[in-house]
Each structure stands twice: as structure tokens, then as C-alpha cells.
Participant: 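Quick one: structure below, then a few questions.
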Amino acid sequence: MSALLTIRDLCVQLGGHPILSGVNAELERGSITAVIGLNGAGKTTLLRALLGEVPRTGQVQFHCGHDHSRPQPQHVGYVPQKLRLDANLPLSVLDLFGLCLRRWPLFAGLGRRFRQRVIDLLARVDSAHLVDRLVDRISGGELQRVLLALALEPHPELLLLDEPAAGERV
């Protein structure tokens, strides 16, 4: 097997405090890798550093057909531990997909074809029935399924799941 992701001497400091130091790993294609640690150990920070969401030093190489120093959505799927949304925002699951997958604003409309595409994506995780539900009205577990369906589009080579069984929302 060949490597899908290579991490060398990854370090993250936040607010002047070291969070991660000297992380080295190689993730193989076709394998499942779990990062296990205590609360506050830096697991979420590691994933966010891989995605470039927090400043980092060291080397992160994606081998998705060719080197991707910055992950692109078509190569890396990500399911966050928590989704922070304003509870007053009337955002449906369909709207969430529209925001994430379309290049134009929601008020321009989504159309029947896009709706069917979203239903098909949700069906992959047994959640097509949620398409019209408001995001703030679905359970934490249902939200995790919705986010997984979103992360699986369009067939990423690497899937990063941050506490996928937690089913919690803030």
C-alpha cells in the first residue's frame, strides 16, 4: 500500500501555548486509523491543523493522486465534532447542502435537480427523510449523519471524522 497522508514534525501553538509537538504519522490508503486520547489532548486540533484551519509548523503532505499541500474538498472529507450555528437561523438540511456545495447564494434558488442530488446523498447515510427539516430541529445523531453525507461528496480519498459517534451540537 502507499501513503495517502504523511505528517512530519507537526507542531501547533495556540495563544503561545504548545498544543501539539513533533507529531509524525503516515496514513496508508485503504486503512482506518483512530486517534485516541484524553479530552483536551489535541485530537481536534490535529485534524484542524491537517485541514489548515489552525497555524502549524512541520510538514503535511497529501498524496491524493499528486501532492496537495492544501487539501481540496474533492480530496478530503471532514465531519466536525460540533457544528456551531445560530439557533435563530431557519436553515434546512437542503439549505445547508446548498451553502456547502453551490457557488451562488441560496436566494438564487436550488432547483429540483439539486434537491434530488441532496436526497440521493442523504440516502447514502439513511437520512433522506431529513432533507426539509431545520438543522436546529434534528438530533445530534441525525446531524452527524447529515454532515457525513456532506463529507462524502464528491467521494473524498481521505475522510476525517472528529468524534463521529458523539452526536452533540453546541
Side-chain angles (χ1 to χ4, degrees), residues 1-86 89 91 93-106 114 117-118 121-122 124-125 135-136 140 143-170:
M1 280 198 195
S2 61
L4 185 58
L5 173 65
T6 304
I7 305 166
R8 296 286 176 253
D9 199 30
L10 179 74
C11 298
V12 175
Q13 285 192 21
L14 297 175
H17 298 93
I19 306 298
L20 300 171
S21 179
V23 176
N24 293 290
E26 192 163 277
L27 304 183
E28 299 293 324
R29 291 180 191 281
S31 68
I32 297 174
T33 302
V35 178
I36 300 170
L38 299 173
N39 290 345
K43 300 177 299 291
T44 296
T45 300
L46 173 62
L47 295 180
R48 293 185 67 216
L50 296 177
L51 294 167
E53 291 183 358
V54 295
R56 66 172 195 243
T57 59
Q59 183 181 40
V60 175
Q61 281 187 304
F62 292 88
H63 309 287
C64 304
H66 60 282
D67 177 39
H68 294 281
S69 58
R70 298 198 66 178
Q72 300 297 313
Q74 64 268 30
H75 302 292
V76 180
Y78 174 58
V79 177
Q81 182 182 129
K82 297 176 184 174
L83 183 63
R84 297 179 191 273
L85 290 173
D86 184 342
L89 183 66
L91 185 73
V93 170
L94 179 64
D95 294 337
L96 177 64
F97 275 75
L99 287 172
C100 296
L101 300 178
R102 301 298 280 228
R103 295 183 187 260
W104 50 82
L106 288 178
F114 183 77
R117 178 179 169 207
V118 171
L121 293 172
L122 289 167
R124 291 165 61 183
V125 295
V135 173
D136 72 331
L143 179 61
Q144 289 299 97
R145 284 182 180 209
V146 166
L147 295 175
L148 179 60
L150 192 54
L152 290 172
E153 179 63 19
H155 306 288
E157 293 181 67
L158 176 62
L159 187 58
L160 303 175
L161 308 173
D162 191 355
E163 296 200 31
E168 182 180 332
R169 176 181 40 220
V170 170

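This one's a predicted model, so the numbers in the text were calculated from it and none came from an experiment. One-based numbering along the sequence shown.
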Participant: Can you list, pair by pair, the side-chain donor-acceptor contacts under 3.5 Å of residues 42-50, counting residues two or more places apart and other chains?
Facilitator:
residue: Lys43; atom: NZ; partner: Gly37; partner atom: O; Å: 3.0
residue: Lys43; atom: NZ; partner: Leu38; partner atom: O; Å: 2.9
residue: Thr44; atom: OG1; partner: Gln81; partner atom: NE2; Å: 3.0
residue: Thr44; atom: OG1; partner: Asp162; partner atom: OD1; Å: 3.2
residue: Thr44; atom: OG1; partner: Asp162; partner atom: OD2; Å: 2.7
residue: Arg48; atom: NE; partner: Glu53; partner atom: OE1; Å: 3.1

Participant: Can you confirm whether Ile32 is buried at CD1, in the sense that more than 12 heavy atoms of other residues, nucleotides or ligands lie under 6.0 Å from that atom?
Facilitator: no

Participant: Within this structure, what is the CG-CZ distance for the pair Leu27 and Phe62, rounded to the nearest 0.5 Å?
Facilitator: 9.0 Å

Participant: Which atoms form the tightest heavy-atom contact between Gly22 and Asn24, and what is the distance?
Facilitator: O-ND2, 3.2 Å

Participant: Can you give the donor-acceptor pairs under 3.5 Å from side chains of residues 4-12 to other protein atoms, not counting sequence neighbours?
Facilitator:
residue: Thr6; atom: OG1; partner: His63; partner atom: NE2; Å: 2.9
residue: Arg8; atom: NH2; partner: Glu26; partner atom: OE1; Å: 3.4

Participant: Rounded to the nearest 0.5 Å, how far does CZ of Phe97 lie from CZ of Arg117?
Facilitator: 9.5 Å

Participant: Provide the closest heavy-atom pair for Pro156 versus Glu153 in the form atom of the first, atom of the second, distance.
Facilitator: CD-N, 4.4 Å

Participant: Looking at every heavy atom in both Ala41 and Leu20, which two are closest together, and how far apart are they?
Facilitator: O-CD2, 4.2 Å

Participant: Any ion pair linking Glu163 and Lys82 (charged N to carboxylate O, less than 4.0 Å)?
Facilitator: no

Participant: Apply side chain to side chain contact (heavy atoms under 4.5 Å, CB included) to Leu152 and list each qualifying residue two or more places apart in sequence or on a separate chain.
Facilitator: Arg124, Val125, Leu148, Leu159

Participant: Below 4.5 Å, heavy atoms only, C-beta onward: do Val146 and Leu83 meet side chain to side chain?
Facilitator: no

Participant: Is there a side chain to side chain contact (heavy atoms under 4.5 Å, CB included) between Leu143 and Val135 once you walk through the steps?
Facilitator: CA-CA 7 Å; Leu143 179 61; Val135 173; 4.0 Å; yes

